[in-house]
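Working notes, structure below.
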Amino acid sequence: MKRTTLLCALLAVVLVGALAPPAECGSKWGLGIHYRKTLGDISDNADWDENALGFIGSYQFGLAFLTVEADLEWVPDYGGTGKDLFEPQAWGLIGGFLYGGAGIGIGHYDGDWLDNPFYALRLGVNVSLFGIGLDVFGSYRFQKIDDLQGLDGDDLNSMTFGAIARFGG
């Protein structure tokens with residue numbers, strides 16, 4: 001099942017890249033929100049909150065056919081633990097109005113950097129409203145559970161949905 005989902009997502013990214021117009025050159029700043037639903041098998045922990053809401057600061061730079069994005073996400077009270085999670089992230093995105101891409105990030109949790117990064121696939125839509133860009137997207141994250149003590153299970157894979165208001169460029 002996971003392999004089929006991964007192959008479908010990769011195919012969607014390739015199709016978006018092949019059919020989308022080139023990205024606009026220039027830079028944009030953004031602020032947004034990000035909802036995450038943990039889908040991984042977390043067993044023997046009734047206290048873990050599978051839902052998380054984060055806040056994103058974002059910077060994008062468009063090249064000829066690729067947009068490079070750097071984000072910093074803050075998730076207060078991650079997993080209902082009372083501790084904050086900070087995640088710097090980097091993305092490579094292809095497309096314009098409809099886009100797709102892949103990213104990587106790593107978390108800083110409870111005073112330490114996590115040992116394993118997460119990898120993600122992302123699909124989104126960019127629209128412009130009154131000179132402000134709105135980036136609405138969904139992503140699937142692949143992440144190992146080894147880093148968080150007290151959790152038993154296979155992974156912290158998650159489905160996410162976000163929206164970022166973009167300014168500039």
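Side chains of L134 and I132 form no contact here, defined as non-hydrogen atoms less than 4.5 Å apart. Contact of the Q143 side chain with the L114 side chain is registered, since non-hydrogen atoms from C-beta on lie closer than 4.5 Å. The shortest side-chain heavy-atom distance between I33 and F55 falls under the 4.5 Å cut-off. Within the 4.5 Å cutoff, side-chain heavy atoms of D84 are placed close to those of W74. The side-chain heavy atoms of W113 and I106, taken from C-beta on, include a pair separated by under 4.5 Å. Looking at heavy atoms from C-beta onward, L53 lies out of side-chain contact with H34 at the 4.5 angstrom threshold. Within the 4.5 Å cutoff, side-chain heavy atoms of I94 are placed close to those of L66. Considering only heavy atoms from C-beta on, Y109 comes within 4.5 Å of K83 through its side chain.
Taken from OG in S58 to CD in Q89, the straight-line distance is 9.0 Å, to the nearest 0.5 Å. Here the CZ atom belonging to F142 is positioned 5.0 Å from the CG atom belonging to L121, to the nearest 0.5 angstrom.
There is no side-chain donor-acceptor pair under 3.5 Å between T160 and R141. A donor and an acceptor atom, one from each side chain of E87 and H108, are nowhere located under 3.5 Å apart. The closest side-chain donor-acceptor pair between Y99 and R122 falls under 3.5 angstrom.
Here the two rings, on F167 and W29, have centers that are 6.0 Å apart or farther. In this structure, F61 has its ring center no closer than 6.0 Å to that of Y59.
Note on V127 and L31: separate hydrophobic clusters, where clusters join Ile, Leu, Val, Met, Phe, Trp and Tyr whose side-chain heavy atoms are under 4.5 Å apart, directly or indirectly. Hydrophobic cluster membership is shared by F130 and V136, with clusters built from Ile, Leu, Val, Met, Phe, Trp and Tyr side chains linked at under 4.5 angstrom. Note on Y119 and Y140: separate hydrophobic clusters, where clusters join Ile, Leu, Val, Met, Phe, Trp and Tyr whose side-chain heavy atoms are under 4.5 Å apart, directly or indirectly.
Between A52 and Y78, the closest heavy-atom pair is CB-CD1, 4.4 Å. Between G82 and D77 the shortest heavy-atom distance is N-OD1, 2.5 Å. The two residues G54 and E73 come nearest to each other via the heavy atoms CA-OE2, 3.8 Å. Taking every heavy atom of both residues into account, A163 and F137 meet most closely at N-CE2, 4.1 Å.
Under the 30°/60° scheme for interplanar angles, the aromatic rings of F161 and Y35 are found to lie parallel.
A salt bridge is defined here as a Lys NZ or Arg NE, NH1 or NH2 lying under 4.0 Å from an Asp or Glu carboxylate O, and D49 with K37 fails to meet this definition. Under a 4.0 Å N-O distance rule, the pair K28/E69 does not qualify as a salt bridge.
The closest donor-acceptor contact from the side chain of N126 to the backbone of F97 lies at 3.5 Å or more, if one exists at all. The backbone N or O of I56 lies less than 3.5 Å from no partner atom in the side chain of D71, so there is not a single donor-acceptor pair.
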